[in-house]
Amino acid sequence: MALASFAASLPIAAATAVVRTRAAVVRRAMSSSSSVSAGSQARVGVVQMTSVGDLDANYATCSRLTKEAAAAGVKFLCFPEVFSFIGSKDGESVKIAESLDGPIMQRYCSLANDSSMWLSLGGFQEKGPDDSHQYNTHVLIDDSGKVRSSYRKIHLFDVDVPGNMVYKESRFTTAGDTVVAADSPFGRLGLTVCYDLRFPEIYQCLRFKHQAQVLLVPSAFTKVTGEAHWEILLRARAIETQCYVIAAAQAGKHNEKRESYGDSIIIDPWGVVIARLPDRLSTGFAVADIDLSKVEAVRTKMPISEQRKFDSILKSSSL
Ligand SMILES: *[C@@H]1O[C@H](CO)[C@@H](O)[C@H](O)[C@H]1NC(C)=O
């Protein structure tokens, strides 16, 4: 399909959509799950937006959505990759890159503090190891405005997208090399970014080595790859790790060259989609109540953690 003509037929995101979906709550008497306390339910939100090449405009959108989410009872709001800036020219984002204690992130810390909201900010342009490279960093801020954790994207998007353009993220971005999980009132979080989604081993590591319960996948999938693979990959990661998955997505046309697939989504540990916006383009957020006792229920009934034979499979195949 001609991308240009398809794009032209799409309305650009305007309306704010708010969907409230209550996660199906599985409550079973579970004498064995002592790690789960009674207050293990929490309301979380996933943002969909169309970032542009303007730091102030994107901040205004993020700020508005955070306040609306707070009013809707959300305690943890997840933003997509490149939430704060998306460049239209090569090298533009390296120029605006800052450290995590710079003024751009400081503003988001104040926003979290003012709204008493935990924020997942995926895909921030963090100042890199030299002037021509940045890191693509997922930043977790707590409800008092402190940076709790940060993860530098490991898998860079160097891909010739069929029928679209050639992306070479590594030209201006340095890859991270460390898997990051962090504790929060919403469970143990696994931090990843976008293209990481295609590499299941990082999620296996988050689940089986770091005991993650909720996987975060802030993204800016292309329209072509999103249409083909977005939902199926996310649901697969949720099912095979028995984790909640929260995947915030960039949506629609950012500039002349770049368009994102959209479809921000929250998935439960059984692989069921429990929240998404009414369409793939609007700016807004969807809400779900996540319940960590559901994670334990799925894991107790299907104990893949004890049944997996990864080490012996590796051993048997390395002759
Ligand atoms: C958070 O807000 C409080 C009250 O307004 C203020 O005293 C504190 O310094 C703020 N913390 C951060 C990290 O901004």
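Counting convention: from 1, in listed order, for ligands and their atoms alike.
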Can a protein heavy atom be found under 4.0 Å away from atom 2 (O) of ligand 1? yes

Below 4.0 angstrom, counting only protein heavy atoms, does anything approach atom 14 (O) of ligand 1? yes

Run the side-chain contact (heavy atoms from CB on, under 4.5 Å) test against A60 and tell me which residues pass, sequence neighbours left out.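 Partners of A60 by the side-chain contact (heavy atoms from CB on, under 4.5 Å) criterion come out as none, since no residue qualifies.
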
Counting the benzene-type ring for Trp, do Y108 and Y59 have ring centres under 6.0 Å apart? yes

Atom 8 (C) of ligand 1: nearest protein contact (heavy atom, Å):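 Residue, atom and distance for the closest contact: N113 ND2, 3.7 Å.
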
How long is the span from the CG atom in L233 to the CZ atom in F221, to the nearest 0.5 Å? 6.0 Å

Check for me whether S144 has a heavy atom closer than 4.0 Å to any atom of ligand 1. yes

Which word best sums up how the rings of H155 and F199 line up, parallel for under 30°, tilted for 30 to 60°, or perpendicular for over 60°? parallel

